[in-house]
Amino acid sequence: MVVQAIGDETMPTEVVTAPNCDDEFDPTLLSVDDAIAEITRTIAPLAATEQLPLRTALGRILASDLYAPADVPNHTNSAMDGYALRAADLEQGTPLTVVGTAWAGKPHLGAVASGECVRIMTGAVMPEHADTVVMQEQVELLDDHIRVAPGQKAGQHVRHAGEDLAAGALALRAGQRLAPAALGLIASLGIAEVPVFRRPRVAFFSNGDELRSVGQPLNPGEVYDSNRYTLHGLLQRAGMDMVDLGVVPDDRTQIRSAFLSAAHSADALITSAGASVGDADFIKDILDEVGEVSFWKIAMKPGRPLAFGHVGDALFFGLPGNPVSVMVTFYQFVLPALRRLSGETPVLSLRLTARTTNRIRKRPGRTEFQRGVLTQTPDGDLEVSVTGEQGSGILSSMSEANCFILLPADCDGVAPGKSVLVEPFAGLI
């Protein structure tokens, strides 16, 4: 250290600093992947289940495998409006006699003999001995006879019994999130109720004397609490039951009470602010009393500080206070954890490669999640541009974005026209 003599005293001319959030490289930082792995390792899915009517099960997680109780479809039927006939008659090229009509739900009674056909509608049961359907546009009708255009194939336009699912076949696996198509599939099996895992109950609050709820007047130095509204929206889209504990000031008694209340009533607790321990942050001291929590520094930007552990039986996530950091850390750490807690089979988030339209600034040292706008060119190529300033407090950068631009730790910036990895928001929830 360089020193300078002042009178009889020797004074240092340099300030010794500690590692901080402006440092791009810190060997003590935990990687994003290692943090995710550590969180995942400690979480077991909820065991409680419930039976739900099919119409109310959208978005829920299936709790047990579902098997087809019967063939789907349960009868061989026509895939087209046309004429059902025997494939052997196609080779003859002679007119065929129309001997009846088969409607969906009202089959033709009787077999189809050689030289005969039956007018058939989509979904109607195939008549006995008929094995092929010729669509009506490929037929010339002559009174009670038809002539078939050449080029037809034996067995065409027929849906066979069990073609979708054979009786006893696995229809849906436990751990699957029930999308609209899954509800339709379950309905096709004749199943009216499904077993699903109970939704995780998530409590959350914001911490800080400077925070005010929307609608309250602001005094100098105070700000509106946006993080609770962000978390409410994120949790709602993730399908969680929620307990909003409001804004908790920097008061040891109130913070401790909020923690204990959440631990008693919820499966998980999320706070914003207090993950980076400062002079006015009581969270770490209180957590040491009522929980088991690790405070981590993650090699990422934004969202460097993160706390994770348990308060009682509830999972605990202490997120940074900056609005963008809240969203980034929620998507990367909290959402996968809540999905696992809810019993959902792990799924990788959708990541794509896109070409940059502008220069992206970055210093090596940390994985960055910059906010971008992903578009598709008329030629089908994917392009991405950053949404302006990328500071962790600039919430508008998230509001304008539809994806994260993922920049690895060793990246030192990206030139226009180069390829980058992007993570669309639509693929996260």
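Computation of the quantities below employed the complete heavy-atom set of this structure, encompassing side-chain atoms and omitting hydrogens, waters and symmetry-equivalent molecules.
Side-chain atoms of Arg304 and Leu29, non-hydrogen and from C-beta on, do get closer than 4.5 Å to each other. The shortest side-chain heavy-atom distance between His108 and Arg119 does not fall under the 4.5 Å cut-off. Counting heavy atoms from C-beta outward, Phe404 and Met398 have side chains that approach closer than 4.5 Å. The shortest side-chain heavy-atom distance between Thr49 and Val196 does not fall under the 4.5 Å cut-off. Proximity of Asp410 to Pro364: side-chain heavy atoms (C-beta onward) are nowhere separated by under 4.5 Å. The side-chain heavy atoms of Asn358 and Val386, taken from C-beta on, include a pair separated by under 4.5 Å. Leu315 places none of its side-chain heavy atoms less than 4.5 Å from the side chain of Asp267. Val223 is not listed as a side-chain neighbour of Leu218, based on a closest heavy-atom distance of 4.5 Å or more.
For the pair Lys153 (side chain) and His157 (backbone), a donor-acceptor distance under 3.5 Å is absent. For the pair Asn322 (side chain) and Ser325 (backbone), a donor-acceptor distance under 3.5 Å is absent. Side chain of Glu222 to main chain of Asn219: a donor-acceptor pair is present (N/O by atom type, distance under 3.5 Å, no hydrogens or angles). In this structure, Gln370 contributes its side chain and Arg361 its backbone to a donor-acceptor pair below 3.5 Å. When atom types are taken as modelled, the side chain of Thr356 and the backbone of Ala415 share a donor-acceptor pair closer than 3.5 angstrom. Formation of a donor-acceptor pair under 3.5 Å by the Lys297 side chain with backbone atoms of Leu306 is not found in this model. The backbone N or O of Thr40 lies less than 3.5 Å from a partner atom in the side chain of Arg340, making a donor-acceptor pair. In this structure, the side chain of Arg201 does not engage the main chain of Ala266 through any donor-acceptor pair within 3.5 Å. Judged by distance alone, the side chain of Ser257 and the main-chain N or O of Thr253 form no donor-acceptor pair under 3.5 Å. Thr76 contributes no side-chain N or O that, together with a main-chain N or O of His160, makes up a donor-acceptor pair within less than 3.5 Å.
Every residue two or more places apart in sequence or in another chain was checked for a ring-ring contact (aromatic ring centres under 6.0 Å, His included) with Phe197, and none qualifies. Shown here are the ring-ring contact (aromatic ring centres under 6.0 Å, His included) partners of Phe204, two or more places apart in sequence or in another chain: there are none.
A salt bridge between Arg256 and Glu289 is present, with a side-chain N of the basic residue lying under 4.0 Å from a carboxylate O of the acidic one.
Considering all non-hydrogen atoms of both residues, Gln176 and Ala182 come closest at NE2-CB, 4.2 Å. Of all heavy-atom pairs spanning Val248 and Ala258, the tightest one is CG2-CB, 4.1 Å. What you find for Lys301 and Arg366 is that their closest heavy atoms are CD-NH2, 3.8 Å. The minimum heavy-atom distance linking Leu407 with Lys362 is given by the pair CB-CD, 3.5 Å. Residues Trp296 and Ser294 approach most closely at NE1-CB, 3.3 Å, considering heavy atoms. Across Gly318 and Thr271, no two heavy atoms sit closer than the pair CA-OG1, 3.5 Å.
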Item to complete: Evaluate the criterion salt bridge (charged side-chain N to carboxylate O under 4.0 Å, His left out) for residue pair Asp412 and Arg363; output intermediate values, then yes/no.
Response: CA-CA 5 Å; Asp412 61 353; Arg363 290 185 293 173; over 6 Å; no

Worksheet item: Can Leu185 and Leu165 be said to form a side-chain contact (heavy atoms from CB on, under 4.5 Å), step by step?
Response: CA-CA 10 Å; Leu185 177 59; Leu165 285 170; 3.7 Å; yes

Discussion item. Working note: Phe295 + Leu287, criterion side-chain contact (heavy atoms from CB on, under 4.5 Å); need CA distance, chi angles, decisive distance, verdict.
Written reply: CA-CA 11 Å; Phe295 284 77; Leu287 286 172; 4.0 Å; yes

Item to complete: Go through the steps to decide whether Val214 and Tyr229 satisfy the test side-chain contact (heavy atoms from CB on, under 4.5 Å), and finish with yes or no.
Response: CA-CA 10 Å; Val214 173; Tyr229 290 86; 3.6 Å; yes

Item to complete: Let me see the working for Leu52 and Glu193 under side-chain contact (heavy atoms from CB on, under 4.5 Å), right down to the final yes or no.
Response: CA-CA 5 Å; Leu52 286 185; Glu193 292 187 345; over 6 Å; no

Worksheet item: Would Ser419 and Thr353 count as a side chain to side chain donor-acceptor pair (under 3.5 Å) if you check the C-alpha gap in whole Å, the side-chain angles of each, and the deciding distance to 0.1 Å?
Response: CA-CA 6 Å; Ser419 292; Thr353 300; over 6 Å; no

Item to complete: Could you please spell out the steps behind the salt bridge (charged side-chain N to carboxylate O under 4.0 Å, His left out) verdict for Glu50 and Arg198?
Response: CA-CA 6 Å; Glu50 55 185 330; Arg198 175 177 67 81; over 6 Å; no

Item to complete: Check the pair Tyr331, Phe369 against ring-ring contact (aromatic ring centres under 6.0 Å, His included), reporting the backbone distance first and the verdict last.
Response: CA-CA 11 Å; Tyr331 277 133; Phe369 295 84; over 10 Å; no

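Side-chain atoms of Thr122 and Ser78 form no donor-acceptor pair, as typed in the model, at a separation below 3.5 Å. Under 3.5 Å, the side chains of Ser213 and Asp225 contain no donor-acceptor pair of N or O atoms. Residues Gln138 and Gln156 have side chains that never bring a donor and an acceptor to within less than 3.5 angstrom of each other. With no hydrogens or angles considered, a side-chain donor-acceptor pair links Asp34 and Ser31 at under 3.5 Å.
Within a 6.0 Å sphere centred on CG of Leu170, other residues, nucleotides and ligands contribute more than 12 heavy atoms. The local environment of CZ in Arg173 is sparse, with at most 12 non-hydrogen atoms from other residues, nucleotides or ligands closer than 6.0 Å. The environment of Gln216 atom CD is dense: over 12 non-hydrogen atoms of other residues, nucleotides or ligands sit within 6.0 angstrom.
Cation-pi geometry between Arg212 and Tyr224 is not met at under 6.0 angstrom from the ring centre and within 45 degrees of the axis.
Here the CG atom belonging to Asn207 is positioned 11.0 Å from the CG atom belonging to Asn227, to the nearest 0.5 angstrom. Remark: Arg177 CZ to Thr345 OG1 distance equals 10.5 Å, nearest 0.5 Å. Expressed to the nearest 0.5 Å, how far CD1 of Ile405 lies from OG of Ser385 amounts to 7.0 Å. Atom CD of Gln332 and atom OG of Ser349 lie 6.5 Å apart (nearest 0.5 Å). A distance of 11.0 Å separates CG in Asp241 from CD in Gln236, rounded to the nearest 0.5 Å. A distance of 8.0 Å separates CG in Asp381 from CD in Gln376, rounded to the nearest 0.5 Å.
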